[in-house]
Each structure stands twice: as structure tokens, then as C-alpha cells.
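No hydrogens, no waters, no symmetry mates; every other heavy atom, side chains included, goes into these values.
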Amino acid sequence: MSELELLQAYLVVGGLLVAIGLTGFLVRRNLLVMFLSVEIMLQGVSLSLVAWSRYHGDLGGQVFVLMIIAVAACEAGIGLALVLMLARRVHTLDVAAWQDLRESGVPPHVDRRIPEAEVPAERWPTLPVAGVVPEPNEEEEFYRSRV
Amino acid sequence: MSDLLVGAAVDWSAWIRSSEAVAWLLLAIGLMFALPRTYRVRQRVGWLVAAVGLGMLIGDSVLSSTARSSAAVFWGLASIAVVGAVAAVTMTSAIYCAIWFAFSLLGVAALMCFQGAEFLGIATLVVYAGAIVVTLLFVLMLSQPRGDVVYDRLSWGDFPRVASPLLAIGMVAMLTAIFPAALAQGAASSKGLPSGDSVARLGAYLFTRHLIGVELAGTLLLAALVGAVAITMFGRESVGQEEGR
């Protein structure tokens with residue numbers, strides 16, 4: 001691959017990683033998965049920097065990536081300690097537990113409704129057929145699926 | 001920079017109908033359906049559609065490349081990184097997310113080595129996969145003993161789930177479409193890194209020109225260490241007070 005082609009391919013992959021990480025950060029509700037999404041975004045940026053560094057023949061990009069790794073390690077240490085404390089306080093990793101965080105005296109404001117959980121109907125195993133086939137009892141099956 | 005973007009004339013109406021745009025759209029739609037919502041069937045369909053989109057992109061790039069073998073190696077490594085990232089973002093169980101993230105890191109580290117940055121590739125593996133993912137798994141096991149919880153099976157409501165993949169992937173797709181025209185205009189010819197021992201050169205460069213930066217990064221790491229210990233200690237005290245009340 002020519003240098004220009006290689007640079008373009010690296011930038012595409014870096015951009016894709018940033019896009020995927022951004023999506024995960026905006027959409028997921030688990031604190032740890034949000035943290036992972038941020039790390040994925042950092043990986044994308046690092047890849048682009050390395051590609052530019054090679055293209056321009058300048059090692060500054062690689063040094064910058066080393067700094068990014070150092071800052072990411074700090075962020076991981078402090079972030080995970082915070083997550084641990086938050087999880088101990090409310091016994092869940094859900095960010096929605098913190099969306100009504102506010103000062104005392106300020107009226108509550110919930111900016112996003114938590115989506116409702118839909119419980120799928122469970123399928124219970126049935127016995128093999130023996131003797132006369134019983135009539136299907138719809139009422140009984142209705143209750144059965146919700147045991 | 002503005003010269004590049006203004007001067008880059010891209011025929012958008014032709015681009016919309018190209019197979020590349022379809023591939024990006026498939027990738028976005030696949031990501032949209034793969035993000036967790038209650039039914040797993042839909043999630044599998046999402047993974048499949050995203051894989052088809054990614055395959056189309058890779059196939060286009062490899063076939064249009066002048067050196068197919070090196071392009072195939074590059075896109076093989078890149079697909080490890082991207083597939084790992086998609087799975088890390090969409091898996092319902094946070095432990096699987098962490099493991100897929102480590103898989104994605106393998107791809108990223110390999111891409112860095114492919115680019116002549118061996119030291120960065122190894123450092124990424126050691127720092128991320130070795131330290132951060134293990135710490136993450138520890139935190140996960142300390143804080144979440146149960147497996148399948150509702151906030152993992154459900155993401156935020158429908159609007160963010162639909163809008164964010166479309167916007168994010170669309171942004172990357174449009175930048176990709178602008179890129180060749182912009183570069184053909186403004187790019188200086190590549191110098192490339194000089195051959196030789198890349199680690200030794202990086203070390204010499206790092207400890208001469210960026211010595212203060214290295215010292216600052218070390219100080220920052222120490223401060224973060226102290227901060228993490230402080231958060232854990234004082235946080236535990238205040239939780240104890242609240243529960244004792």
C-alpha cells in the first residue's frame with residue numbers, strides 16, 4: 001500500500017473506533033461499559049496519531065500517544081475507584097440511579113425516562129405425548145407462562 | 001485546513017448511490033440493532049448486518065488497493081480491532097464487554113506494530129490489557145455479583161439508540177468521502193520514518209526533547225495513585241456513616 005493509502009486506511013479505522021465508542025458512551029447504561037467506551041475512543045485517537053506520525057516522519061505523534069496512555073492509566077485508576085464507591089452506595093452500576101443528583105433545595109428534574117423492562121414470556125418444557133391427547137386449555141396456558 | 005475542506009469537491013449525489021455509502025449505512029443500522037434491547041434475536045440480526053457492512057467496506061478497500069496482499073493484512077488486523085470494539089459496546093454482560101475490549105486491543109496493538117511503532121503496541125497491550133482490563137474485572141466482581149441485570153439488557157430509550165449510531169457512523173463516512181480529494185490537493189509528500197531501531201529512536205527522542213513531559217506524566221500518575229487511594233478510603237468512611245445513621 002502506498003503511504004497515502006495507508007494513512008487514509010488508518011484514519012478510517014481510527015474514526016470508526018471513535019464512532020463506536022461514542023455510540024456506546026451515549027447509549028449504554030452500565031458505568032463500566034461507558035468507561036470502556038471512552039477507552040475505545042482513546043484507542044481510535046491513538047491510531048490516528050501514530051498514522052500521522054509515520055506519514056510526516058515525525059516521532060512527536062508517538063510521544064503524544066505515550067502521554068495519552070499515561071493519562072488513560074490515571075483516568076482508569078481514579079475512574080474505577082469512583083465507580084466502586086458509587087456502586088457501594090446504591091448497590092447498582094446503573095447511571096440512571098444518579099440522574100436525579102442535585103443540590104439540596106433544588107427541585108428534582110429527571111431529564112430522561114428510564115426505559116421499561118419487557119419481560120419475555122417464558123417457555124416451559126412439556127411432557128411427551130402419552131395416551132389421549134388432552135384438549136389445549138388456553139386459560140391454563142395463559143397462567144402457566146407467568147408462573 | 002479550511003482550504004482543504006472548501007477545495008475538496010465531492011460529488012455527494014454520486015457518493016450516496018455508491019456501494020461505499022451502502023456499506024456505511026449497513027454498519028450503522030447493524031450497530032443500531034445490536035445495541036442491547038430486550039430481545040436477543042434482534043441483536044443477532046444487528047451483528048450480522050454490521051458484519052456485512054464491514055465486509056463490504058473491507059472488500060472495497062482491498063480490491064481497489066494497488067498492493068492487495070499488504071492491504072489484506074492491514075484490513076485483517078483492522079477488522080479484529082473494529083469487531084472487538086463493536087462487541088465490547090453491544091454485549092449485554094459487562095464481563096464479556098471487558099474481554100472483547102481486550103480482544104480489540106490486540107488488533108489495535110498489532111496495527112501500531114504494523115505502522116512501525118512497536119514500543120507503543122507493546123505498551124498498549126501491557127497497560128490496557130494487562131492492567132486496566134484486570135482492574136476492571138476486579139471492580140466488576142466486587143460491585144456486581146449477579147449476572148444479567150436489567151440496566152445491561154436495556155440501553156437508554158429509542159431516540160439515543162437510533163440517533164447516535166447513525167450520526168456517529170455518518171460523520172465518519174462523510175469524512176472518509178472527503179478525504180481522498182482533500183489529500184490529493186494539499187498533502188505534502190510523505191517522508192516516512194527512517195528505518196532502523198524504532199524503539200531506540202523513540203527513546204532518544206523522548207528523553208531529549210520531551211523530558212519535562214515525561215516527568216509531568218510521572219507526577220500525574222503519582223497524583224492519580226494518591227487520589228484513587230484517597231477516594232477509596234474517604235468514600236468508604238462516608239458510606240459507613242450513611243449506613244450507620
Side-chain angles (χ1 to χ4, degrees), chain A residues 1-5 8-9 11-13 15-17 19-24 26-30 32-33 36-37 39-40 43 47 50-51 54-57 59 62-63 65-67 69-71 73-74 76-78 80-85 87-89 93-94 96 112-113 115 117-118 120, chain B residues 31 35 38 65 67 70-71 74 78 82 85-86 88-89 94 97 101 108 111-112 115-117 120 123 127 132 135-136 139-140 143-144 150-152 154-157 160-161 164-165 168-169 172 175-176 179 183 190-193 202 205-206 210 213 217 220-221 224 227-228 231-232 235 239:
Chain A
M1 293 167 92
S2 70
E3 288 288 331
L4 200 63
E5 218 177 335
Q8 181 181 358
L11 291 186
V12 169
V13 175
L16 252 181
L17 287 184
I20 293 168
L22 184 66
T23 305
L26 288 177
V27 172
R28 294 300 300 266
R29 281 163 64 193
N30 189 325
L32 288 174
V33 180
L36 276 185
S37 306
E39 300 289 335
I40 290 174
Q43 293 301 314
L47 264 188
V50 170
R54 178 191 171 111
Y55 186 75
H56 287 303
L59 282 173
Q62 295 195 15
V63 173
V65 173
L66 268 183
M67 298 299 155
I69 291 178
V71 172
C74 297
I78 292 186
L80 289 178
L82 276 175
V83 167
L84 197 57
M85 282 301 111
R88 281 210 187 135
R89 216 165 262 224
L93 285 173
D94 192 358
R112 268 198 255 181
R113 202 170 48 84
E118 300 162 28
Chain B
L31 190 58
L35 286 167
T38 308
S65 169
S70 70
F74 170 83
V82 174
V86 169
V89 162
C97 288
F101 174 66
V108 171
L111 280 179
M112 285 179 173
Q115 189 73 306
L120 285 183
V127 172
I132 293 185
T135 321
L136 193 94
V139 171
L140 198 63
S143 57
Q144 186 196 7
V150 71
Y151 55 86
D152 271 339
L154 281 180
S155 32
W156 282 114
R161 203 167 53 89
S164 59
I169 300 278
V172 179
L175 282 178
T176 311
F179 198 82
L183 266 195
S190 161
K191 297 189 193 81
L193 289 175
L202 180 63
Y205 186 75
L206 189 62
H210 294 281
L220 188 65
L221 278 169
I231 288 171
T232 322
V239 169

>> Given heavy-atom pairs under 4.5 angstrom as the criterion, report whether the side chain, backbone, both or neither of A:Leu82 touches chain B.
In response: both

> What part of A:Val50 lies closer than 4.5 angstrom to a heavy atom of chain B: side chain, backbone, both or neither?
Replying inline: both

Restricting to non-hydrogen atoms, name the atom on [X] and the atom on [Y] that form the minimum distance, rounded to 0.1 Å.
{"X": "B:Ala117", "Y": "A:Gln62", "value": "CB-NE2, 3.6 Å"}
{"X": "A:Leu17", "Y": "B:Ala85", "value": "CD2-CB, 3.6 Å"}
{"X": "B:Thr232", "Y": "A:Met85", "value": "O-CE, 3.7 Å"}
{"X": "B:Val86", "Y": "A:Ile20", "value": "CG2-CD1, 3.5 Å"}
{"X": "A:Gly15", "Y": "B:Val172", "value": "O-CG2, 3.3 Å"}
{"X": "A:Ile78", "Y": "B:Ala224", "value": "CG1-O, 3.8 Å"}

Flag side-chain contact, heavy atom, 4.5 Å: [X] against [Y]:
{"X": "B:Leu120", "Y": "A:Leu66", "answer": "yes"}
{"X": "A:Val63", "Y": "B:Leu202", "answer": "yes"}
{"X": "B:Val89", "Y": "A:Leu36", "answer": "no"}

> Among B:Ala88, B:Gly227, B:Ala228, B:Ala217, which residue forms the greatest number of heavy-atom pairs with chain A at distances under 4.5 Å?
Replying inline: B:Ala228

> Would a distance-only check, ignoring hydrogens and angles, find a side-chain to backbone donor-acceptor pair under 3.5 Å from B:Arg161 to A:Val27?
Replying inline: no

>> Does any backbone or side-chain atom of B:Val82 lie under 4.5 Å from a heavy atom of chain A? Answer side chain, backbone, both or neither.
In response: both

>> Is B:Leu221 close to chain A through its backbone or its side chain, or both, or neither, when contacts mean heavy atoms under 4.5 Å?
In response: both

Distance, nearest 0.5 Å, that separates [atom1] of [X] from [atom2] of [Y]:
{"X": "B:Ile231", "Y": "A:Leu84", "atom1": "CD1", "atom2": "CG", "value": "10.5 Å"}
{"X": "B:Thr176", "Y": "A:Leu16", "atom1": "OG1", "atom2": "CG", "value": "7.5 Å"}
{"X": "B:Met112", "Y": "A:Arg54", "atom1": "CE", "atom2": "CZ", "value": "14.0 Å"}

> Top residue by heavy-atom pair count (under 4.5 Å) with chain B, among A:Gly24, A:Ala96, A:Cys74?
Replying inline: A:Cys74

